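In what follows, a structure is listed as structure tokens, so that the remarks can point back to it.
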There are 2 protein chains.
Amino acid sequence: MSIEKLTNEVRREQIARAALHLLATQGLNGLSMAALARSVGIVPSAIYRHFRNKEEVLDAVVDALRQRLLGNVRVVTEESDEPLDQLRRLLALHVRLILEHHSLPRMLFSGEIYAGHPERKARLLATIQAYLAEVAAIIRNGQAQERVRPEVSPETAAVLFLGVIQPSAILWHLSEGTFDAAKHVERAWPLFRQAIAVQ
Amino acid sequence: MSIEKLTNEVRREQIARAALHLLATQGLNGLSMAALARSVGIVPSAIYRHFRNKEEVLDAVVDALRQRLLGNVRVVTEESDEPLDQLRRLLALHVRLILEHHSLPRMLFSGEIYAGHPERKARLLATIQAYLAEVAAIIRNGQAQERVRPEVSPETAAVLFLGVIQPSAILWHLSEGTFDAAKHVERAWPLFRQAIAVQ
DNA sequence: CTCCAATGTGAATACTTGTTCACATATTAA
DNA sequence: TTAATATGTGAACAAGTATTCACATTGGAG
């Protein structure tokens, strides 16, 4: 009956990861401090050694996800030079993010997480807009290389890019995996390409 | 200090409408029986004269929304014969639905409402799939009329159709109206059309 | 090895949750 | 007008919420 003690840094990350998982599987209502503590094997009050309150836990989750999203953009711009190819790869990475973290991206984009909390709401909007800006930049670059039609609005196309992924994430989650998100995105990509690419 | 009494039918609808509004503005967490009762000017226990429990309230909300969604499809098929025109109109109606009911469709499609409740989860999936099937039917009809390219998968295109609307609904809600959903959809429509239509 | 700060515990806090029940009032039918 | 029924009230409920606090235990630095 020995109590295992972990250093703050480690526990903090462990808690954030568990919170992310709870949020993805059970929704915001499922993320109680009690449930969170149970899922990492400690007592609720112990969480407060690592986080000031629940707000800080949620902020950590949002931060973690923002890093993953923007990290994906960095990866594809390093892997490829061709804008349309970059977008195709980004789509695949985003799908993998969804499959890994269950439906957390769905949650991020659903806005459930911020309900009634204007401060985090703003941070969430900023995160999504940062991601959109990166996608728009890729599309703008595609226009410079004459791969994307010039009359296409990069901002509009970027939002539509999100639309390629998001509904499939929801359907995948709702159908408990029956709906194949990866396959859908694979099929939707040619449509998106047709929507923005030259000829 | 006279207590106003309404007939079951009226009160039921009033409660369902208030629940819908609470859900749209505050999220699932904001929809407590206490808050719901307060918003219609009665005491929490009085709700149980009209609904067996909270489940039944949520079911009523989902039902109301399903009727609106499928009703929109019926409207556009009566208003127009040209499939692409039908889709354009359906898009506009869906946007109006979002603007009216704040972000309830966002919520429906986000899956927040069912978290941890498999029975309603299934009903929700069925609702969305019914809507998708209607959209796919329009697209299939478009292929028969040689307005939509034959190699396009109607099911995939229907999901992408959702993707035209959904992200904009979220951004509109997150940005507190700063992001103009109607304008985005207006601009995204030519892209979607380009994606599926014959040139 | 000893001591101390860091980490975990369990009880207690005040509040909110959904729901039930006996009672009161308003509306409707006889 | 009276009686019956539908609707609303307020108190009580057990369970769950986030959070605080005094105390116990651990791991590592001296």
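Values in this document were obtained by computation on a predicted structure and should not be read as measured data. Chain naming here is simple, since letters A, B, ... match the order of the sequence lines and numbering starts at 1 in each. Every heavy atom of this structure was used, including side-chain atoms; hydrogens, water molecules and symmetry mates were not.
To the nearest angstrom, C1' of C/dT9 lies 13 Å from CZ of A/R11. At whole-Å resolution of the value, CG in B/L58 and P in C/dT19 are 10 Å apart. We find that CE of B/M33 is positioned 16 Å from C1' of D/dG10, with the value rounded to whole Å. Between A/Q14 atom CD and C/dT7 atom P there is a gap of 13 Å when expressed in whole angstrom units. Atom pair B/R38:CZ and D/dG10:P shows a separation of 15 Å (rounding to whole Å applied). Between B/K54 atom NZ and C/dT20 atom P there is a gap of 15 Å when expressed in whole angstrom units. As rounded to whole Å, 9 Å separates atom C1' of D/dC21 from atom CZ of A/R49. As a whole-Å value, the separation of A/L36 CG from D/dG16 C1' is 16 Å.
For B/H50, a side-chain nitrogen or oxygen approaches OP1 or OP2 of D/dG8 to under 4.0 Å.
If you look at A/H94 and A/Y131, their ring centroids are closer than 6.0 Å.
Of the two residues contacting DNA chain D, namely A/S32 and A/R52, the nearest-nucleotide position lying further toward the 5' end is that of A/S32.
Inter-residue side-chain proximity for B/R147 and B/R193 is flagged as unmet; no heavy-atom pair is nearer than 4.5 Å. By the 4.5 Å heavy-atom criterion applied to side chains, A/L132 and B/L171 are counted as neighbours.
Taking 4.0 Å as the cut-off between side-chain N and carboxylate O, B/R89 and B/E82 do not count as a salt-bridged pair. Remark: A/E155 engages A/R140 in a salt bridge, criterion side-chain N to carboxylate O under 4.0 Å. A/R68 and A/E100 are joined by a salt bridge, as a carboxylate oxygen and a charged side-chain nitrogen come within less than 4.0 angstrom of each other. A/R74 has no carboxylate O lying under 4.0 Å from a charged side-chain N of A/E134, or vice versa, which leaves the two without a salt bridge.
Remark: A/S45, A/Y48 in residues 39-48 of chain A come within less than 4.0 Å of DNA chain D through at least one heavy atom.
Which of D/dT19, D/dT17, D/dG8 sits closest to the side chain of A/N53 comes down to D/dT19.
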